[in-house]
Enquirer: 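Quick one: structure below, then a few questions.
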Amino acid sequence: MILFFLLLYLAGANANSSLDAWAYASEVSIGFELFQPHHLLYSFACHLWISLVKVFLYIDVLAALKGLNAIFGAATLLVLSKLLNKVENNRKLNLLLLFFAGSCWGFMRYTTENETYILPIFFSLLSSYLLINVSRIKYVLWGGFFAALATLFHEVMFFWWLGLLVGTVFRQKLKGVILFTLPALIVPVVYSVVVFFKYGKLSIDLLLQFVFYDY
């Protein structure tokens, strides 16, 4: 089913892309303004993807970025299937839920477009899956890391991170809560590095203006 959706997303790539999709592709293509405050690492990650693919073949940048989202869309469904099987031992129901998730309009809308939402959803869902495996404390650390990484791909994922933190507080002892929150330090660190290299200086006021620019 996941392979079916991957092929569907690749074949159904949006032929009428939004202005945002064109803008991201332009930035990625020429390596300009790769770090946008609202989705800090998206264009940078896409730039790395395009640089890698160009080593092997000539590509249309916009089409290749839609392909990247299609791949991560399928990967998101793979993580979702593992998560569903972990919480509910009902294969038929889980397949039905997986089909529903993969075929819903919102998900298909962004797996077939050069938009910023699929990659952070993948990392957030991966975090959720890892946190279910609380039998190993290292999974709490990695869960916190991927939840924090998701916020670097899109700021709105802070609320997913916050929800997971609340769940961790209720399910873990103090050590587990610390291990989950510790990786979140990468968020202010990465933002600070970007601001410093972008403006040649760093201050609390400048950092806050950059982080909350879109708000």
Enquirer: Using the rule side chain to side chain donor-acceptor pair (under 3.5 Å), only one of Ser128, Ser127, Ser124 pairs with Trp160; which is it?
Expert: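 Exactly one candidate clears the test, Ser128.
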Enquirer: Determine, stepwise, if the pair Phe100 / Phe107 fulfils side-chain contact (heavy atoms from CB on, under 4.5 Å).
Expert: CA-CA 10 Å; Phe100 176 77; Phe107 195 70; over 6 Å; no
Enquirer: What distance do Ile204 atom CD1 and Ser192 atom OG have between them, rounded to the nearest 0.5 Å?
Expert: 7.5 Å
Enquirer: When hydrophobic residues are tied together by side-chain contacts of less than 4.5 Å, even through go-betweens, does Phe4 share a cluster with Leu80?
Expert: yes
Enquirer: Any chance you could measure Trp105, atom CH2, to Tyr110, atom OH, to the nearest 0.5 Å?
Expert: 6.0 Å
Enquirer: Please verify the inter-ring angle class for Phe99 with Phe5; under 30° counts as parallel, over 60° as perpendicular, anything in between as tilted.
Expert: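 If you compare the ring of Phe99 with that of Phe5, the planes turn out tilted.
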Enquirer: Does the plane of the ring in Tyr117 sit parallel, tilted or perpendicular to the ring in His154? Use 30° and 60° as the thresholds.
Expert: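 If you compare the ring of Tyr117 with that of His154, the planes turn out tilted.
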Enquirer: Let me confirm one number: the NE2-OG1 distance from His38 to Thr116, rounded to the nearest 0.5 Å.
Expert: 7.0 Å
Enquirer: Treat each ILVMFWY residue as a node, draw an edge where side-chain heavy atoms are under 4.5 Å apart, and state whether Met1 and Leu8 are in one component.
Expert: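 Yes, because Met1 and Leu8 connect within a single hydrophobic cluster, where side-chain heavy atoms sit under 4.5 Å apart.
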Enquirer: Quick check: is Val87 connected to Leu96 through a chain of hydrophobic side chains (ILVMFWY, heavy atoms under 4.5 Å apart)?
Expert: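 Hydrophobic grouping puts Leu96 apart from Val87.
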Enquirer: Does Leu48 reach the side chain of Leu52, with side-chain heavy atoms less than 4.5 Å apart?
Expert: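 SC-SC contact between Leu48 and Leu52 ruled out.
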Enquirer: Counting distance only, does the side-chain N/O of Glu113 pair as donor-acceptor with the main-chain N or O of Ala21 below 3.5 Å?
Expert: no
Enquirer: From Arg109 CZ over to Thr112 OG1, what is the distance, rounded to the nearest 0.5 angstrom?
Expert: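 If we round to the nearest 0.5 Å, Arg109:CZ and Thr112:OG1 are 7.0 Å apart.
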Enquirer: Surrounding OH of Tyr215 (heavy atoms of other residues, nucleotides or ligands, distance under 6.0 Å), is the total greater than 12?
Expert: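 Yes, the 6.0 Å shell around OH holds more than 12 heavy atoms from other groups.
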Enquirer: Looking at Asn14, is its backbone amide N or carbonyl O close enough to the side chain of Lys66 to form a donor-acceptor pair, meaning the two atoms are under 3.5 Å apart?
Expert: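 Yes, because the side chain of Lys66 sits within donor-acceptor range (under 3.5 Å) of the backbone of Asn14.
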Enquirer: Are the side chain of Thr76 and the backbone of Phe72 linked by a donor-acceptor contact shorter than 3.5 Å?
Expert: yes
Enquirer: How far does CG of Leu152 sit from OH of Tyr191, to the nearest 0.5 angstrom?
Expert: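 Separation between the atoms: 6.5 Å.
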Enquirer: Give a yes or no on whether the backbone of Trp22 and the side-chain of Ser26 come within a donor-acceptor separation of less than 3.5 Å.
Expert: no
Enquirer: Taking ring-ring contact (aromatic ring centres under 6.0 Å, His included) as the criterion, tell me which of Phe146, Phe35, Phe123 meets it with Phe153.
Expert: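 Result for ring-ring contact (aromatic ring centres under 6.0 Å, His included) with Phe153: Phe123.
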Enquirer: Using atom types as modelled and distance alone, determine if a side-chain donor or acceptor of Asn69 lies under 3.5 Å from a backbone N or O of Glu115.
Expert: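 Flag set: sc Asn69 to bb Glu115 pair under 3.5 Å.
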Enquirer: Where does the angle between the aromatic ring planes of Trp161 and Phe158 fall among parallel (under 30°), tilted (30 to 60°) and perpendicular (over 60°)?
Expert: parallel
Enquirer: Do you reckon Leu62 sits in the same ILVMFWY cluster as Val53, going by side-chain contacts under 4.5 Å, direct or chained?
Expert: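 Different clusters: Leu62 never reaches Val53 through Ile, Leu, Val, Met, Phe, Trp or Tyr contacts under 4.5 Å.
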Enquirer: Are Lys138 and Leu179 side-chain neighbours, meaning at least one heavy-atom pair lies under 4.5 Å?
Expert: no
Enquirer: Take Tyr199 and Phe210 through the side-chain contact (heavy atoms from CB on, under 4.5 Å) test and state the conclusion after the steps.
Expert: CA-CA 10 Å; Tyr199 298 106; Phe210 182 77; 3.9 Å; yes
Enquirer: Measuring only between side-chain heavy atoms, which start at C-beta, is Leu41 closer than 4.5 Å to Leu149?
Expert: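 Contact flag for Leu41/Leu149 side chains = yes.
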Enquirer: Between Tyr139 and Trp142, is the ring centroid distance below 6.0 Å?
Expert: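 Ring centres of Trp142 and Tyr139 not closer than 6.0 Å.
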Enquirer: Report yes or no: does Asp214 contribute a side-chain atom to a donor-acceptor pair with the main-chain N or O of Pro37 at less than 3.5 Å?
Expert: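 Not at all, since once roles are kept as given, no pair shorter than 3.5 Å links the two residues.
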Enquirer: Nearest 0.5 angstrom please: Phe122 CZ to Leu77 CG, how far?
Expert: 11.0 Å
